[in-house]
Amino acid sequence: MTDTNSSRTARLIHARRDGLNKGDPVALPIVPSATFHLPGDPAGVAQYGRSHNPTWEAVEHALSLLEDAPCLAFPSGMAAITAPFMALLKAGDRILLPSDGYYTTRLLADRILARLGVTAETRPTAQFADGGFDGFRIVYIETPSNPGLDILDIKAVSDAAHAAGALVIADNTTMTPLGQRPLALGADIVVAADTKAVNGHSDVLYGHVASRDEAVMSAVSEWRKLSGSIPGPFESWLVHRGLETLELRFARMCDSAEAVAKALKGHAALETLRYPGLPDHPAHHLAAAQMDRFGFLLGLTLRSEAAAEHFIDNCPLIQPATSFGGIHTSAERRARWGDAVAPGFVRLAVGCEPTEELVSALVQTLDNLPAGL
Ligand SMILES: *Cc1c(COP(=O)(O)O)cnc(C)c1O
């Protein structure tokens with residue numbers, strides 16, 4: 001089989017088959033065991049629940065088929081992001097973060113890493129390569145940025161960062177391995193919040209680290225075992241179930257997002273609409289070259305905070321919520337969290353509703369915004 005998203009997904013769906021004995025359950029069992037039967041020499045088998053668990057190992061195997069790289073599972077996206085920092089950094093190191101990326105990562109650097117002697121600098125995603133990467137131990141990227149949807153060239157940034165002696169970590173949460181493959185473009189490590197589209201049902205927090213660098217993975221694995229930052233078996237089972245339908249859901253979400261972008265573009269109630277799949281996005285050509293899909297997030301700017309809140313509250317197919325990647329389309333005004341965006345800016349996260357129903361609900365809600373908002 002050639003190595004495409006389709007072949008990777010097909011392998012994932014049949015991933016359990018090879019290990020089954022006659023009479024074994026086809027569905028993944030949940031194994032909530034802290035201890036394992038361990039007489040005599042403990043080498044080579046499951047020993048204890050902080051280092052081994054068959055349910056999370058099944059998730060790691062499934063994810064590794066999509067990432068085309070070994071994966072380690074974590075109990076949240078932030079636990080996955082924290083792991084390579086704690087495993088690889090030492091006092092005196094400098095790291096570069098996107099100023100417009102996931103806020104909690106910058107907070108982690110400010111509140112925790114700074115105390116340990118690690119200095120973080122920030123740059124906007126659209127100007128990330130400006131100024132070079134000399135002196136950084138880790139160059140951390142997030143493309144498209146969230147919620148601004150700016151895009152950087154993963155290959156160019158990785159090449160320049162490597163020439164300067166840095167490791168590149170990519171937070172690929174918004175795209176999933178089916179939408180963008182940072183490791184194939186030169187990044188050393190992928191981190192992701194599987195809380196979002198990978199689990200896809202808004203009922204669990206989860207994360208993973210993927211890398212083809214053995215030294216990195218053994219340091220991250222040691223961090224997990226010693227710090228105890230391990231996922232639970234039930235959460236792992238939910239994520240495994242979500243993974244089996246990721247390809248179906250992600251395709252619907254991205255197809256619908258493209259349809260929504262085309263239908264809403266130029267609507268009189270919108271000051272701007274940003275989506276990497278539209279030709280007027282400033283980095284559309286780069287997006288088309290490095291992403292397999294254009295994603296399911298859109299940035300809409302309505303005229304005022306009141307107009308944005310009315311749109312979010314009155315569209316029957318929008319769930320007002322933070323986060324994204326669930327079955328339902330959701331939206332929020334990002335200024336409520338202090339993001340540097342206009343008061344009327346809405347991040348719309350497209351879900352799995354039938355496309356035409358969703359497009360017409362969104363258009364009608366915009367058409368019927370009360371005059372004067
Ligand atoms: C949600 C998110 C995270 C954090 O994931 P949690 O599971 O909430 O810890 C990190 N990065 C991005 C881009 C996210 O969207």
Side-chain angles (χ1 to χ4, degrees), residues 56 59 63 67 71-86 95 97-113 120 122 124-125 128 138 140-152 154 168-180 182 187 189-210 224 227 229-232 234-236 238-239 242-243 246 250 253 257 276 291 295-299 319 321-326 330-332 334 336-339 341 347-351:
W56 92 44
V59 176
L63 281 167
E67 294 281 11
C71 291
L72 288 162
F74 285 87
S76 68
M78 282 316 303
I81 288 167
T82 302
F85 288 153
M86 295 307 278
I95 64 174
L97 301 175
S99 55
D100 47 357
Y102 192 70
Y103 173 64
T104 314
T105 307
R106 288 197 301 285
L107 215 52
L108 173 73
D110 284 352
R111 305 288 283 268
I112 311 281
L113 300 181
T122 63
T125 294
F128 213 69
I138 285 175
Y140 186 98
I141 60 177
E142 205 181 313
T143 177
S145 65
N146 170 23
L149 303 178
D150 279 327
I151 289 172
L152 60 72
I154 298 176
V168 176
I169 302 182
D171 181 337
N172 203 37
T173 299
T174 59
M175 293 310 297
T176 86
L178 296 180
Q180 175 171 269
I189 303 168
V190 159
V191 291
D194 301 317
T195 308
K196 314 293 167 56
V198 165
N199 174 62
H201 294 72
S202 314
D203 51 12
V204 72
L205 274 77
Y206 212 81
H208 76 271
V209 176
R224 183 175 70 173
S227 68
S229 182
I230 53 161
F234 182 60
E235 288 74 12
S236 299
L238 285 170
V239 172
L243 263 168
L246 175 61
F250 187 68
M253 292 157 86
M291 296 157 77
F296 51 79
L297 297 179
L298 289 86
Q319 168 62 51
T322 195
S323 198
F324 53 84
S330 67
E332 68 170 338
R334 287 301 301 183
R336 70 180 182 163
W337 300 113
D339 281 0
V341 292
R347 181 181 68 194
L348 181 69
V350 171

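Excluded from the calculations below are hydrogen atoms, water molecules and symmetry mates; all remaining heavy atoms, backbone and side chain alike, are included. Both ligands and their constituent atoms are indexed starting at 1 by order of listing. Predicted model, so just to flag it, every value in this text is computed and none were measured.
Atoms of ligand 1 found under 4.0 Å from any heavy atom of Glu142 (numbered from 1 in listed order, with element): 13 (C). For ligand 1, the atoms closer than 4.0 angstrom to any heavy atom of Asp171 are 10 (C), 11 (N), 12 (C), 13 (C). Within the listing of ligand 1, atoms 4 (C), 5 (O), 6 (P), 9 (O) sit less than 4.0 angstrom from a heavy atom of Met78.
Of the protein's heavy atoms, Ala193 CB, 3.1 Å lies nearest to atom 5 (O) of ligand 1.
Taking a 4.0 Å cut-off on heavy atoms, Thr174 fails to register as neighbouring ligand 1.
At least one N or O atom of Thr195 sits closer than 3.5 Å to an N or O atom of ligand 1. Checking only distances, Lys196 does come within under 3.5 Å of ligand 1, N or O to N or O. Remark: ligand 1 and Gly77 share an N or O pair separated by less than 3.5 Å (distance only, no angle test). Polar contact check, Phe324 against ligand 1: no nitrogen or oxygen pair lies under 3.5 Å apart.
No side-chain heavy atom of Ser323 sits under 4.5 Å from any side-chain heavy atom of Glu332. Side-chain contact check for Thr173 versus Phe324: some heavy-atom pair is nearer than 4.5 Å. You'll find the side chain of Thr82 stays beyond 4.5 Å of the side chain of Ser229, heavy atoms only. Between Pro84 and Val191, some side-chain heavy-atom pair lies under the 4.5 Å cut-off.
Taking all atoms of both residues into account, the shortest heavy-atom contact from Val204 to Leu238 is CB-CD1, 4.3 Å.
Between Tyr140 and Phe85, the ring-plane angle classifies as tilted under the 30° and 60° cut-offs.
The proximity of Ile81 to ligand 1, defined as any non-hydrogen pair under 4.0 Å, is limited to the side chain.
At a cut-off of 3.5 Å, with distance as the only test, a side-chain donor of Asp100 or Thr125 sits close to an acceptor on the other residue.
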